[in-house]
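Given the structure is predicted, the values throughout are model-derived calculations rather than measurements. The chain is numbered in sequence order, starting from 1.
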Amino acid sequence: MSDRILVTGAGGFIGGHLVQDLLAEGATVRAVDKKPADEWYQRFDDAENFELDLSLREACYEATQGVAQVYNLAADMGGMGFIELNKALCMLSVLINTHLLEASRNNGVERFLFSSSACVYAADKQTEAEVQPLREEDAYPAMPEDGYGWEKLFSERMCRHFTEDFGLGTRVVRYHNVYGPSGTWDGGREKAPAAICRKVAQAKLSGDHEIEVWGDGEQTRSFTYISDCVHGTKALMASDHSEPVNLGSSEMVTINQLIDIVEEIAGINVTRNNDLSAPQGVRGRNSDNSRRRSVLGWEPKTPRRAGLAPTYRRIEDRVSIQFRRPIEIAAE
């Protein structure tokens with residue numbers, strides 16, 4: 001049996017970092033994404049790089065041929081602004097996981113990891129900023145984020161039943177707001193840390209020290225740095241645990257506190273203009289990590305500021321290119 005590892009969504013943020021880490025360990029990696037190769041966030045010549053639309057059944061059979069493990073990170077998703085306005089597109093990602101599970105079973109894949117989300121959790125448990133940390137069992141009775149959360153919860157159930165009925169070894173990781181360099185930072189699909197870094201960088205470079213904040217800024221979340229995310233994902237795949245596991249930090253923070261940290265990194269203070277009509281998601285969300293500690297014996301290592309500093313620097317570099325471009329065009 002081949003020891004090849006398939007990473008879907010490899011052209012995306014988490015997928016690109018996971019491929020890099022697996023290659024550094026000497027693994028044989030097949031990297032698959034729907035996007036054209038020149039639009040991948042990271043692309044590595046040492047991997048087998050395929051451009052495939054995994055919502056199509058035949059593409060999933062091609063991708064899983066000769067593969068021992070599958071990390072399914074492929075989905076049509078983004079930050080709150082995207083998932084609030086694109087519920088049908090988010091739900092269509094169910095085709096990817098369904099076809100991949102079927103193809104994995106029939107092609108003899110040994111282990112299959114599905115990347116789920118904290119958006120599966122019941123909304124009535126997330127109505128206050130000072131929220132109780134969410135345990136894995138709090139996903140039921142089901143009332144997840146409309147669209148995106150329902151797709152994730154349904155796909156979790158598919159994994160469970162493929163294990164029960166067909167013996168396919170499945171793992172389910174529930175990500176809590178992953179951030180870091182080499183991720184989406186503009187265009188509407190970015191999540192809160194990247195969006196805040198971009199807005200502060202734009203304020204710094206333009207000299208107009210004002211930013212728009214969605215909501216009153218007192219919404220709470222926990223955020224997970226990308227290197228911790230990759231480590232935890234691989235550890236769960238290697239474990240014998242088939243039930244969902246939270247992968248998030250225990251450090252809950254308000255959006256305003258997140259802005260405070262980014263201001264300090266950038267060396268400026270900004271005026272915050274609150275848009276109370278903008279998408280905000282649930283009022284509060286934090287991760288209970290008891291199961292992860294029990295199963296993996298591990299905690300994320302990266303404090304917020306230590307993760308936000310390289311994230312901000314990378315995004316400020318990208319924003320600075322946008323600011324230079326009109327000058328360069330005018331000079332031609």
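- Remark: the backbone N or O of E136 is paired with a side-chain donor or acceptor of R174 at under 3.5 angstrom.
- Under the 4.5 Å side-chain contact rule for hydrophobic residues, L73 and L92 do not share a cluster.
- Under the 4.0 Å criterion applied to side-chain N and carboxylate O atoms, R135 and D138 are assigned as salt-bridge partners.
- When the ring pair (Phe, Tyr, Trp, His ring centres under 6.0 Å) test is applied to Y179, the partners found at least two apart in sequence or on another chain are Y225.
- For residues 216-232, every residue pair satisfying the salt bridge (Lys or Arg N to Asp or Glu O under 4.0 Å) rule, not counting sequence neighbours, is listed here: D216-R283.
- With sequence neighbours left out, the salt bridge (charged side-chain N to carboxylate O under 4.0 Å, His left out) criterion links R198 to E190.
- Qualifying ring pair (Phe, Tyr, Trp, His ring centres under 6.0 Å) partners for Y175, counting only residues two or more places apart in sequence or in other chains: none.
- For residues 233-245, the salt bridge (Lys or Arg N to Asp or Glu O under 4.0 Å) pairs, not counting sequence neighbours, are D21-K234, E25-K234, R111-D240.
- A side-chain N or O of N289 and one of S287 form a donor-acceptor pair less than 3.5 Å apart.
- Atom CZ of R291 and atom CG of L296 lie 11.5 Å apart (nearest 0.5 Å).
- Nearest approach of P141 to A122, heavy atoms of both residues: O-CB, 3.7 Å.
- Residues in residues 254-280 take part in these salt bridge (Lys or Arg N to Asp or Glu O under 4.0 Å) pairs, two or more places apart or across chains: D260-R272, E263-R272, E264-R305.
- Taking every heavy atom of both residues into account, A27 and I5 meet most closely at CB-CD1, 4.0 Å.
- Counted by atom type alone, S155 and E151 present one or more donor-acceptor pairs between their side chains at under 3.5 Å.
- Between the side chains of N273 and E210, a donor-acceptor pair is found at a separation under 3.5 Å.
- Distance check: N106 CG to L101 CG gives 11.0 Å after rounding to the nearest 0.5 Å.
- The side-chain hydrogen bond (donor to acceptor under 3.5 Å, both in side chains) check on W150 picks up nothing, with sequence neighbours excluded.
- Looking only at side-chain heavy atoms (C-beta outward), R30 and V67 come within less than 4.5 Å of each other.
- With T127 contributing its side chain and A123 its backbone, the two residues share no donor-acceptor pair below 3.5 Å.
- Side-chain atoms of S242 and T170 form no donor-acceptor pair, as typed in the model, at a separation below 3.5 Å.
- Side chain of E251 to main chain of S249: no donor-acceptor pair is present (N/O by atom type, distance under 3.5 Å, no hydrogens or angles).
- Hydrophobic clustering places V178 together with M237 (ILVMFWY residues linked when any side-chain heavy atoms are closer than 4.5 Å, directly or through intermediates).
- No donor-acceptor pair closer than 3.5 Å links the side chain of R171 to the backbone N or O of T233.
- Between the T8 side chain and the A74 main chain, a donor and an acceptor come within less than 3.5 Å of each other.
- S250 and E299 get closest at one heavy-atom pair: OG-OE1, 4.3 Å.
- Under a 3.5 Å cut-off, the side chain of T311 and the backbone N or O of G307 do form a donor-acceptor pair.
- Looking at E102 and R57, a side-chain N of the basic residue comes within less than 4.0 Å of a carboxylate O on the acidic one, giving a salt bridge.
- For the atom pair CZ of F13 and CH2 of W185, the computed distance is 14.5 Å after rounding to the nearest 0.5 Å.
- Cluster annotation: F114 and V173 are assigned to distinct hydrophobic clusters (Ile/Leu/Val/Met/Phe/Trp/Tyr, side-chain heavy-atom contacts under 4.5 Å, transitive).
- Annotation: the span from L52 atom CG to E62 atom CD amounts to 4.5 Å, rounded to 0.5 Å.
- One side chain, H176 or N246, offers a donor N or O that lies under 3.5 Å from an acceptor on the other.
- Under the 4.5 Å side-chain heavy-atom criterion for grouping Ile, Leu, Val, Met, Phe, Trp and Tyr, L205 is not connected to I265 through any hydrophobic cluster.
- Between the side chain of Q126 and the main chain of Y121, a donor-acceptor pair closer than 3.5 Å is present.
- Not counting sequence neighbours, the partners of E164 by the side-chain hydrogen bond (donor to acceptor under 3.5 Å, both in side chains) test are R160, H161.
- Atom CD1 of residue I261 and atom CZ of residue R304 lie 5.0 Å apart, to the nearest 0.5 angstrom.
- Looking at residues two or more places apart in sequence or on another chain, you find no salt bridge (charged side-chain N to carboxylate O under 4.0 Å, His left out) involving D288.
- The shortest non-hydrogen separation linking S104 to F112 is OG-CD1, 3.5 Å.
- Without hydrogens or angle criteria, W40 side chain to G12 main chain gives no donor-acceptor distance under 3.5 Å.
- Considering CG of D46 and CG of L23, their distance stands at 6.0 Å, rounded to 0.5 Å.
- A cation-pi arrangement is absent between R157 and F162, since the terminal nitrogen or guanidinium carbon is not both under 6.0 Å from the aromatic centre and inside a 45° cone about the axis.
- Inter-residue side-chain proximity for I259 and V270 is flagged as met; some heavy-atom pair is nearer than 4.5 Å.
- Put simply, the side chain of R43 never gets that close to the backbone of A37: no donor and acceptor are under 3.5 Å apart.
- L113 and V172 fall into different hydrophobic clusters, where Ile, Leu, Val, Met, Phe, Trp and Tyr residues are linked whenever their side-chain heavy atoms come under 4.5 Å apart, directly or through other members.
- The shortest non-hydrogen separation linking N107 to Y61 is ND2-O, 3.1 Å.
- Counting only heavy atoms from C-beta outward, the side chains of N177 and T224 never approach each other to under 4.5 Å.
- Without hydrogens or angle criteria, K204 side chain to A266 main chain gives a donor-acceptor distance under 3.5 Å.
- Counting only residues at least two apart or on different chains, the ring pair (Phe, Tyr, Trp, His ring centres under 6.0 Å) pairs with a member in residues 279-321 are H231-W298.
- Minimum heavy-atom separation, Q42 to S182: NE2-CB, 4.1 Å.
- E212 and W214 share a donor-acceptor pair across their side chains, judged by distance under 3.5 Å alone.
- The closest side-chain donor-acceptor pair between S206 and D208, if any, does not fall under 3.5 angstrom.
- A salt bridge does not link K34 to E51: none of the charged side-chain nitrogens sits closer than 4.0 Å to a carboxylate oxygen.
- Annotation: ring pair (Phe, Tyr, Trp, His ring centres under 6.0 Å) contacts of Y140 (sequence neighbours excluded): none.
- Between D76 and Y148, the side chains place no donor N or O within less than 3.5 Å of an acceptor N or O (distance only, hydrogens not considered).
- Screening residues 81-100 for side-chain hydrogen bond (donor to acceptor under 3.5 Å, both in side chains) gives N72-N97 as the qualifying pairs, with residues at least two apart or on separate chains.
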